[in-house]
Protein chains: 2
Amino acid sequence: MWKLSRKSEYALMVVQRLGALGPSEQLPASVLADDGDLPRDLTAKILQELRQAGIVQSSRGVAGGYRLVRPLDSVAFLDVVRPFEEHLGLADCVDGDGGCKRAEGCTLQGPVARLNHWLMGHLRGLSMAEFVGPGRGLGLTVDMPQPSTGRVSSDRLGSVRRNAL
Amino acid sequence: MWKLSRKSEYALMVVQRLGALGPSEQLPASVLADDGDLPRDLTAKILQELRQAGIVQSSRGVAGGYRLVRPLDSVAFLDVVRPFEEHLGLADCVDGDGGCKRAEGCTLQGPVARLNHWLMGHLRGLSMAEFVGPGRGLGLTVDMPQPSTGRVSSDRLGSVRRNAL
DNA sequence: GCAAACTCGGACTAATTGAGTCCTATATCC
DNA sequence: GGATATAGGACTCAATTAGTCCGAGTTTGC
(Lines give C-alpha, C1' and ligand atoms only; values in the text may rest on other atoms or scores of the structure.)
Protein backbone atom coordinates (compact mmCIF):
# COMPACT_ATOMS: atom_id res chain seq x y z
CA MET A 1 0.00 0.00 0.00
CA TRP A 2 0.82 3.66 -0.34
CA LYS A 3 3.27 3.41 -3.14
CA LEU A 4 2.57 5.64 -6.07
CA SER A 5 2.84 3.92 -9.43
CA ARG A 6 5.61 5.20 -11.62
CA LYS A 7 3.05 6.62 -13.98
CA SER A 8 1.72 8.71 -11.15
CA GLU A 9 5.17 10.00 -10.39
CA TYR A 10 5.67 10.93 -14.00
CA ALA A 11 2.28 12.60 -14.09
CA LEU A 12 3.12 14.67 -11.03
CA MET A 13 6.41 15.74 -12.61
CA VAL A 14 4.75 16.70 -15.84
CA VAL A 15 1.98 18.65 -14.18
CA GLN A 16 4.49 20.41 -11.98
CA ARG A 17 6.49 21.39 -15.05
CA LEU A 18 3.47 22.62 -16.94
CA GLY A 19 2.44 24.63 -13.94
CA ALA A 20 5.61 26.67 -14.19
CA LEU A 21 4.77 27.78 -17.70
CA GLY A 22 3.42 31.17 -18.69
CA PRO A 23 -0.28 31.46 -19.48
CA SER A 24 0.04 31.13 -23.25
CA GLU A 25 2.95 28.70 -23.33
CA GLN A 26 2.77 25.01 -24.06
CA LEU A 27 5.21 22.12 -24.49
CA PRO A 28 5.18 19.00 -26.67
CA ALA A 29 5.31 15.60 -25.04
CA SER A 30 8.81 14.97 -26.39
CA VAL A 31 10.23 17.98 -24.57
CA LEU A 32 8.47 17.11 -21.34
CA ALA A 33 9.85 13.60 -21.56
CA ASP A 34 13.42 14.53 -22.41
CA ASP A 35 13.67 17.30 -19.82
CA GLY A 36 12.44 15.02 -17.08
CA ASP A 37 14.40 12.03 -18.36
CA LEU A 38 11.22 10.01 -18.83
CA PRO A 39 10.40 7.42 -21.52
CA ARG A 40 8.96 9.26 -24.51
CA ASP A 41 6.15 6.92 -25.47
CA LEU A 42 5.04 6.49 -21.93
CA THR A 43 5.01 10.22 -21.32
CA ALA A 44 2.81 10.67 -24.35
CA LYS A 45 0.37 8.12 -22.99
CA ILE A 46 0.32 9.77 -19.61
CA LEU A 47 -0.44 13.12 -21.15
CA GLN A 48 -3.33 11.59 -23.03
CA GLU A 49 -4.80 10.30 -19.83
CA LEU A 50 -4.31 13.65 -18.13
CA ARG A 51 -6.17 15.23 -21.00
CA GLN A 52 -9.07 12.81 -20.63
CA ALA A 53 -9.11 13.63 -16.94
CA GLY A 54 -9.51 17.31 -17.80
CA ILE A 55 -6.23 18.39 -16.30
CA VAL A 56 -4.31 19.35 -19.46
CA GLN A 57 -5.32 20.59 -22.87
CA SER A 58 -3.62 19.63 -26.10
CA SER A 59 -3.20 21.13 -29.52
CA ARG A 60 -2.03 19.10 -32.46
CA GLY A 61 0.11 20.03 -35.36
CA VAL A 62 3.51 21.51 -35.80
CA ALA A 63 3.70 23.90 -32.88
CA GLY A 64 1.35 21.82 -30.76
CA GLY A 65 1.79 20.61 -27.22
CA TYR A 66 0.21 20.47 -23.81
CA ARG A 67 -0.77 23.05 -21.22
CA LEU A 68 -2.71 23.04 -17.98
CA VAL A 69 -6.43 23.72 -18.05
CA ARG A 70 -6.36 25.31 -14.59
CA PRO A 71 -3.51 26.72 -12.53
CA LEU A 72 -1.73 24.50 -10.01
CA ASP A 73 -3.62 25.81 -7.01
CA SER A 74 -6.88 24.65 -8.54
CA VAL A 75 -5.73 21.14 -9.32
CA ALA A 76 -6.07 18.53 -6.59
CA PHE A 77 -3.25 16.11 -5.95
CA LEU A 78 -5.77 13.30 -6.01
CA ASP A 79 -7.03 14.23 -9.46
CA VAL A 80 -3.56 14.05 -10.98
CA VAL A 81 -2.89 10.66 -9.53
CA ARG A 82 -6.29 9.08 -9.90
CA PRO A 83 -6.09 8.00 -13.57
CA PHE A 84 -2.96 5.98 -12.88
CA GLU A 85 -4.01 4.11 -9.80
CA GLU A 86 -6.05 1.07 -10.59
CA HIS A 87 -7.65 0.66 -7.21
CA LEU A 88 -7.75 3.99 -5.53
CA GLY A 89 -8.93 3.06 -2.10
CA LEU A 90 -7.79 0.97 0.83
CA ALA A 91 -9.81 -2.01 -0.36
CA ASP A 92 -12.18 -2.91 -3.14
CA CYS A 93 -15.15 -2.87 -0.85
CA VAL A 94 -14.89 0.79 0.14
CA ASP A 95 -17.11 1.93 -2.72
CA GLY A 96 -19.90 -0.12 -1.25
CA ASP A 97 -19.45 -2.25 -4.33
CA GLY A 98 -20.07 -5.93 -3.79
CA GLY A 99 -17.71 -8.60 -4.99
CA CYS A 100 -16.35 -9.35 -1.57
CA LYS A 101 -17.70 -12.73 -0.59
CA ARG A 102 -17.28 -11.79 3.04
CA ALA A 103 -19.32 -8.62 2.71
CA GLU A 104 -21.90 -9.47 5.31
CA GLY A 105 -20.51 -10.26 8.67
CA CYS A 106 -17.28 -8.53 7.71
CA THR A 107 -16.10 -6.58 10.68
CA LEU A 108 -13.45 -4.77 8.70
CA GLN A 109 -15.47 -3.10 5.99
CA GLY A 110 -16.73 -0.29 8.17
CA PRO A 111 -13.40 0.69 9.69
CA VAL A 112 -11.60 0.47 6.36
CA ALA A 113 -14.22 2.58 4.62
CA ARG A 114 -13.98 5.20 7.35
CA LEU A 115 -10.22 5.40 7.17
CA ASN A 116 -10.34 5.51 3.41
CA HIS A 117 -12.87 8.30 3.47
CA TRP A 118 -10.70 10.32 5.75
CA LEU A 119 -7.65 9.84 3.55
CA MET A 120 -9.37 10.68 0.32
CA GLY A 121 -10.83 13.79 1.81
CA HIS A 122 -7.43 15.09 2.72
CA LEU A 123 -5.87 14.25 -0.61
CA ARG A 124 -8.71 15.83 -2.46
CA GLY A 125 -8.18 18.94 -0.45
CA LEU A 126 -4.48 19.08 -1.18
CA SER A 127 -3.76 21.24 -4.19
CA MET A 128 -0.82 20.62 -6.47
CA ALA A 129 0.48 24.07 -5.65
CA GLU A 130 0.64 23.20 -1.98
CA PHE A 131 1.93 19.71 -2.59
CA VAL A 132 4.76 20.87 -4.76
CA GLY A 133 5.51 24.15 -3.08
CA PRO A 134 8.75 24.44 -1.14
CA GLY A 135 7.56 25.34 2.31
CA ARG A 136 4.92 23.43 4.11
CA GLY A 137 2.53 21.54 1.90
CA LEU A 138 0.46 20.05 4.64
CA GLY A 139 2.19 22.01 7.32
CA LEU A 140 4.47 19.15 8.08
CA THR A 141 7.97 20.41 7.95
CA VAL A 142 7.97 19.97 11.70
CA ASP A 143 9.03 16.54 12.78
CA MET A 144 6.37 14.34 14.20
CA PRO A 145 7.31 12.25 17.18
CA GLN A 146 7.67 8.60 16.27
CA PRO A 147 7.05 6.34 19.24
CA SER A 148 9.55 3.55 19.00
CA THR A 149 7.63 1.14 21.15
CA GLY A 150 4.67 0.79 18.90
CA ARG A 151 2.74 2.33 21.72
CA VAL A 152 0.21 4.80 20.46
CA SER A 153 0.47 8.40 21.51
CA SER A 154 -3.09 9.36 21.98
CA ASP A 155 -2.52 13.10 22.15
CA ARG A 156 -1.69 13.36 18.48
CA LEU A 157 -4.62 11.18 17.70
CA GLY A 158 -6.76 13.50 19.68
CA SER A 159 -5.75 16.42 17.56
CA VAL A 160 -6.62 14.50 14.44
CA ARG A 161 -10.04 13.80 15.78
CA ARG A 162 -10.72 17.37 16.71
CA ASN A 163 -9.66 18.57 13.34
CA ALA A 164 -11.73 16.16 11.37
CA LEU A 165 -14.98 17.07 12.98
CA MET B 1 -1.69 3.30 -4.48
CA TRP B 2 -3.53 3.01 -1.20
CA LYS B 3 -4.79 -0.47 -1.65
CA LEU B 4 -4.04 -2.78 1.23
CA SER B 5 -2.64 -6.15 0.22
CA ARG B 6 -4.86 -9.06 1.01
CA LYS B 7 -2.35 -10.22 3.57
CA SER B 8 -2.81 -6.94 5.38
CA GLU B 9 -6.54 -7.38 5.40
CA TYR B 10 -6.17 -10.85 6.82
CA ALA B 11 -3.76 -9.56 9.41
CA LEU B 12 -6.18 -6.88 10.49
CA MET B 13 -8.97 -9.44 10.79
CA VAL B 14 -6.85 -11.78 12.81
CA VAL B 15 -5.62 -9.08 15.16
CA GLN B 16 -9.12 -7.83 15.62
CA ARG B 17 -10.28 -11.31 16.49
CA LEU B 18 -7.46 -11.90 18.94
CA GLY B 19 -8.21 -8.56 20.53
CA ALA B 20 -11.65 -9.79 21.53
CA LEU B 21 -10.20 -12.68 23.50
CA GLY B 22 -9.90 -12.85 27.23
CA PRO B 23 -6.50 -12.25 28.84
CA SER B 24 -5.47 -15.91 29.13
CA GLU B 25 -7.16 -17.20 25.99
CA GLN B 26 -5.49 -18.06 22.73
CA LEU B 27 -6.49 -19.54 19.39
CA PRO B 28 -4.68 -21.81 16.93
CA ALA B 29 -4.10 -20.61 13.39
CA SER B 30 -6.53 -23.14 11.99
CA VAL B 31 -9.41 -21.75 14.00
CA LEU B 32 -8.56 -18.18 13.13
CA ALA B 33 -8.47 -19.15 9.47
CA ASP B 34 -11.68 -21.15 9.43
CA ASP B 35 -13.67 -18.63 11.43
CA GLY B 36 -12.64 -15.81 9.13
CA ASP B 37 -12.91 -17.94 6.01
CA LEU B 38 -9.25 -17.38 5.19
CA PRO B 39 -6.76 -19.79 3.56
CA ARG B 40 -5.21 -21.89 6.29
CA ASP B 41 -1.60 -21.98 5.16
CA LEU B 42 -1.58 -18.32 4.41
CA THR B 43 -3.05 -17.44 7.76
CA ALA B 44 -0.34 -19.46 9.44
CA LYS B 45 2.30 -17.51 7.54
CA ILE B 46 0.72 -14.20 8.44
CA LEU B 47 0.68 -15.11 12.10
CA GLN B 48 4.35 -15.95 11.92
CA GLU B 49 5.10 -12.54 10.55
CA LEU B 50 2.95 -10.89 13.18
CA ARG B 51 4.92 -12.76 15.78
CA GLN B 52 8.21 -11.56 14.33
CA ALA B 53 6.80 -8.05 14.40
CA GLY B 54 6.13 -8.43 18.11
CA ILE B 55 2.37 -8.14 17.83
CA VAL B 56 1.34 -11.68 18.74
CA GLN B 57 2.85 -14.41 20.87
CA SER B 58 2.69 -18.08 20.06
CA SER B 59 2.85 -21.31 21.98
CA ARG B 60 3.44 -24.62 20.31
CA GLY B 61 2.08 -28.00 21.06
CA VAL B 62 -1.30 -29.51 21.49
CA ALA B 63 -3.21 -26.69 23.12
CA GLY B 64 -1.05 -24.06 21.48
CA GLY B 65 -2.08 -20.99 19.54
CA TYR B 66 -1.67 -17.27 19.26
CA ARG B 67 -2.55 -14.33 21.45
CA LEU B 68 -1.84 -10.61 21.41
CA VAL B 69 1.21 -9.28 23.20
CA ARG B 70 -0.49 -5.97 23.98
CA PRO B 71 -4.16 -4.95 24.02
CA LEU B 72 -5.70 -3.42 20.92
CA ASP B 73 -5.45 0.14 22.13
CA SER B 74 -1.68 -0.19 22.35
CA VAL B 75 -1.21 -1.60 18.88
CA ALA B 76 -0.85 0.86 16.02
CA PHE B 77 -2.66 0.24 12.77
CA LEU B 78 0.58 0.88 10.94
CA ASP B 79 2.43 -1.80 12.87
CA VAL B 80 -0.08 -4.48 11.94
CA VAL B 81 0.07 -3.65 8.29
CA ARG B 82 3.74 -2.89 7.92
CA PRO B 83 5.09 -6.46 7.58
CA PHE B 84 2.84 -7.12 4.59
CA GLU B 85 3.46 -4.03 2.54
CA GLU B 86 6.56 -4.31 0.45
CA HIS B 87 7.09 -0.64 -0.11
CA LEU B 88 5.50 1.22 2.73
CA GLY B 89 5.82 4.75 1.53
CA LEU B 90 4.66 6.89 -1.34
CA ALA B 91 7.87 6.24 -3.25
CA ASP B 92 11.13 4.41 -2.83
CA CYS B 93 13.06 7.61 -2.31
CA VAL B 94 11.21 8.72 0.82
CA ASP B 95 13.61 6.94 3.13
CA GLY B 96 16.35 9.12 1.80
CA ASP B 97 17.65 5.92 0.30
CA GLY B 98 19.35 6.36 -3.04
CA GLY B 99 18.63 4.20 -6.02
CA CYS B 100 16.65 6.84 -7.83
CA LYS B 101 18.75 7.95 -10.76
CA ARG B 102 16.95 11.26 -10.72
CA ALA B 103 17.70 11.90 -7.08
CA GLU B 104 19.48 15.17 -7.58
CA GLY B 105 17.50 17.76 -9.39
CA CYS B 106 14.35 15.85 -8.62
CA THR B 107 11.69 18.37 -7.71
CA LEU B 108 9.31 15.73 -6.47
CA GLN B 109 11.33 14.06 -3.77
CA GLY B 110 10.78 16.76 -1.19
CA PRO B 111 7.03 17.08 -1.60
CA VAL B 112 6.53 13.33 -1.71
CA ALA B 113 8.61 12.81 1.40
CA ARG B 114 6.63 15.48 3.24
CA LEU B 115 3.29 14.01 2.30
CA ASN B 116 4.50 10.56 3.20
CA HIS B 117 5.72 11.74 6.54
CA TRP B 118 2.39 13.27 7.31
CA LEU B 119 0.52 10.11 6.36
CA MET B 120 2.74 7.79 8.33
CA GLY B 121 2.47 9.96 11.37
CA HIS B 122 -1.28 9.69 11.38
CA LEU B 123 -1.34 5.97 10.78
CA ARG B 124 1.18 5.41 13.51
CA GLY B 125 -1.05 7.39 15.81
CA LEU B 126 -4.12 5.37 14.98
CA SER B 127 -4.59 2.48 17.37
CA MET B 128 -6.24 -0.75 16.33
CA ALA B 129 -8.87 -0.19 18.99
CA GLU B 130 -9.85 3.09 17.42
CA PHE B 131 -9.56 1.81 13.90
CA VAL B 132 -11.78 -1.13 14.52
CA GLY B 133 -14.13 0.40 17.02
CA PRO B 134 -17.67 1.10 15.90
CA GLY B 135 -18.02 4.81 16.44
CA ARG B 136 -15.57 7.27 15.14
CA GLY B 137 -12.14 5.91 14.47
CA LEU B 138 -10.65 9.09 13.15
CA GLY B 139 -13.74 11.07 13.87
CA LEU B 140 -14.94 10.68 10.35
CA THR B 141 -18.44 9.43 10.51
CA VAL B 142 -19.49 12.86 9.28
CA ASP B 143 -19.52 13.17 5.53
CA MET B 144 -16.86 15.26 3.98
CA PRO B 145 -17.91 17.45 1.08
CA GLN B 146 -16.59 16.14 -2.21
CA PRO B 147 -16.22 18.90 -4.77
CA SER B 148 -17.35 17.49 -8.08
CA THR B 149 -15.42 19.94 -10.21
CA GLY B 150 -11.98 18.92 -9.11
CA ARG B 151 -11.70 22.40 -7.73
CA VAL B 152 -9.95 22.48 -4.42
CA SER B 153 -11.85 23.65 -1.42
CA SER B 154 -9.28 25.61 0.45
CA ASP B 155 -11.20 25.90 3.68
CA ARG B 156 -10.87 22.24 4.48
CA LEU B 157 -7.26 22.38 3.54
CA GLY B 158 -6.87 25.22 5.96
CA SER B 159 -8.14 23.11 8.77
CA VAL B 160 -5.68 20.40 7.90
CA ARG B 161 -2.84 22.81 8.05
CA ARG B 162 -3.87 24.22 11.39
CA ASN B 163 -4.23 20.80 12.86
CA ALA B 164 -0.90 19.53 11.71
CA LEU B 165 1.13 22.28 13.23
C1' DG C 1 -0.38 19.59 -52.19
C1' DC C 2 3.16 17.80 -49.53
C1' DA C 3 6.21 17.11 -45.77
C1' DA C 4 7.32 17.87 -41.02
C1' DA C 5 5.99 18.01 -36.30
C1' DC C 6 2.78 17.00 -33.46
C1' DT C 7 -1.13 14.28 -30.89
C1' DC C 8 -4.11 9.95 -30.58
C1' DG C 9 -4.79 5.36 -29.14
C1' DG C 10 -4.81 0.35 -29.51
C1' DA C 11 -1.90 -3.91 -29.29
C1' DC C 12 1.76 -6.13 -27.58
C1' DT C 13 5.71 -7.89 -24.54
C1' DA C 14 8.52 -8.34 -20.48
C1' DA C 15 9.28 -7.78 -15.65
C1' DT C 16 7.65 -7.49 -11.16
C1' DT C 17 4.65 -8.39 -7.49
C1' DG C 18 0.97 -10.85 -5.02
C1' DA C 19 -1.59 -14.81 -3.49
C1' DG C 20 -1.63 -19.10 -2.29
C1' DT C 21 0.10 -24.06 -1.87
C1' DC C 22 3.25 -27.75 -0.53
C1' DC C 23 6.43 -29.96 2.14
C1' DT C 24 9.39 -30.83 5.97
C1' DA C 25 11.08 -29.84 10.55
C1' DT C 26 10.30 -28.94 15.38
C1' DA C 27 7.91 -28.40 19.80
C1' DT C 28 4.37 -29.85 23.33
C1' DC C 29 1.06 -32.59 25.63
C1' DC C 30 -1.17 -36.91 26.75
C1' DG D 1 4.86 -42.65 20.23
C1' DG D 2 1.00 -40.25 18.33
C1' DA D 3 -1.83 -36.18 17.85
C1' DT D 4 -1.84 -31.34 17.50
C1' DA D 5 0.54 -27.21 17.03
C1' DT D 6 3.92 -23.72 15.20
C1' DA D 7 8.28 -22.58 11.95
C1' DG D 8 9.72 -21.58 7.69
C1' DG D 9 11.68 -22.33 3.04
C1' DA D 10 10.55 -23.40 -1.91
C1' DC D 11 7.51 -23.27 -5.28
C1' DT D 12 3.63 -22.21 -8.72
C1' DC D 13 0.13 -19.45 -10.84
C1' DA D 14 -2.20 -15.17 -11.72
C1' DA D 15 -2.53 -10.26 -11.92
C1' DT D 16 -0.62 -5.95 -12.37
C1' DT D 17 2.79 -2.62 -14.02
C1' DA D 18 6.09 -0.59 -17.05
C1' DG D 19 7.35 0.15 -21.24
C1' DT D 20 7.50 -0.42 -26.48
C1' DC D 21 5.74 -0.48 -31.19
C1' DC D 22 3.19 1.04 -34.78
C1' DG D 23 -0.26 3.06 -37.61
C1' DA D 24 -3.59 6.90 -37.98
C1' DG D 25 -5.32 11.64 -37.61
C1' DT D 26 -4.20 16.98 -37.42
C1' DT D 27 -2.12 21.24 -38.00
C1' DT D 28 1.33 24.34 -39.87
C1' DG D 29 4.53 26.10 -43.19
C1' DC D 30 6.61 25.95 -47.59
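Values below: all heavy atoms of this structure, side chains included; hydrogens, waters and symmetry mates excluded. This structure is a prediction, so every number in the text was calculated from the model and none was measured. So you know, we letter chains A, B, ... as the sequences are listed, proteins then strands, and number each from 1.
Shown are Val80(A), Asp79(A), Val81(A); of these, the side-chain contact (heavy atoms from CB on, under 4.5 Å) with Phe77(A) is made only by Val81(A).
Across all strands shown, Gln52(B) has heavy atoms under 4.0 Å from sugar-phosphate atoms exclusively, and none from any base. At a threshold of 4.0 angstrom between heavy atoms, the contacts of Ala29(B) are confined to the sugar-phosphate backbone, with no base atom among them. Residue-level contact check: Phe84(A) touches neither bases nor backbone, having no heavy atom under 4.0 Å from any strand.
With rounding to the nearest 0.5 Å, the separation of CZ in Arg17(B) from CG in Leu12(B) is 15.5 Å. If you take CH2 on Trp2(B) and CG on Leu4(A), they are separated by 6.5 Å, rounding to the nearest 0.5 Å. Here OH of Tyr66(A) is found 14.5 Å from CG of Leu21(A). Values are rounded to the nearest 0.5 Å. Distance CE/Met13(B) to CG/Asp35(B): 12.5 Å, rounded to 0.5 Å. Put simply, OG1 on Thr107(A) and CD on Gln16(B) are 3.5 Å apart, with the number rounded to the nearest 0.5 Å.
When each of dC6(C), dA5(D), dC8(C) is scored by its nearest atom to the side-chain atoms of Pro28(B), the top-ranked nucleotide is dA5(D). Here dG19(D) is the nucleotide among dG9(C), dA7(D), dG19(D) with the atom lying nearest to any side-chain atom of Pro39(A). Considering only side-chain atoms of Leu42(A), the nucleotide from dA19(C), dT7(C), dG19(D) that sits closest is dG19(D).
The salt bridge (charged side-chain N to carboxylate O under 4.0 Å, His left out) pairs that include a residue from residues 5-16 of chain B number zero, where partners must be two or more places apart or lie in different chains.
Straight-line distance from the CG atom of Leu38(B) to the P atom of dG18(C): 19 Å, rounded to whole Å. Between the NZ atom of Lys45(A) and the P atom of dC8(C) there is a distance of 12 Å, given to the nearest Å. dG9(C) atom C1' lies 14 Å from atom CG of Leu47(A), rounded to whole Å. A straight line from CD of Gln57(B) to C1' of dA27(C) spans 16 Å, rounded to a whole angstrom. Rounded to whole Å, atom C1' of dG9(C) lies 15 Å from atom CG of Leu50(A). Atoms CD (Glu85(B)) and P (dA19(C)) sit 8 Å apart, rounded to a whole Å. At whole-Å resolution of the value, CG in Leu27(A) and C1' in dT7(C) are 14 Å apart. In this structure, CD of Gln26(B) is placed 11 Å from P of dC29(C), rounded to the nearest angstrom.
Applying the 4.0 Å criterion to OP1 and OP2 of dG20(C), one finds that Tyr10(B) has a side-chain N or O inside that range. Residue Arg6(B) places at least one side-chain N or O under 4.0 Å from the OP1 or OP2 atom of dG20(C). Look at Arg51(B) and you'll find a side-chain N or O under 4.0 angstrom from OP1 or OP2 of dG8(D). Under 4.0 angstrom from either OP1 or OP2 of dC8(C) there lies at least one side-chain N or O belonging to Ser58(A).
Taking 4.5 Å as the limit, some side-chain heavy atom of Leu78(B) sits within range of a side-chain heavy atom of Leu88(B).
Residues Ile55(B) and Val69(B) are members of separate hydrophobic clusters, defined by side-chain heavy-atom contacts under 4.5 angstrom among Ile, Leu, Val, Met, Phe, Trp and Tyr.
In terms of polar N and O atoms assigned as donor or acceptor, the side chain of Lys7(A) never comes within less than 3.5 Å of the base of dG19(D) in a complementary pairing.
Checked by atom type and distance alone, the side chain of Asn116(A) pairs as donor or acceptor with a backbone atom of Leu90(A) at under 3.5 Å.
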Practice prompt. Produce a footprint string for nucleotides 22-30 of chain D: one letter per nucleotide, 5' end first; B if the base is under 4.0 Å from any protein heavy atom, S if only the sugar-phosphate is, - if neither.
Written response: ---BBBB--

Might you list the N or O atoms of the protein lying below 3.5 Å from N or O atoms in nucleotides 14-16 of chain C, with each pair's distance?
none

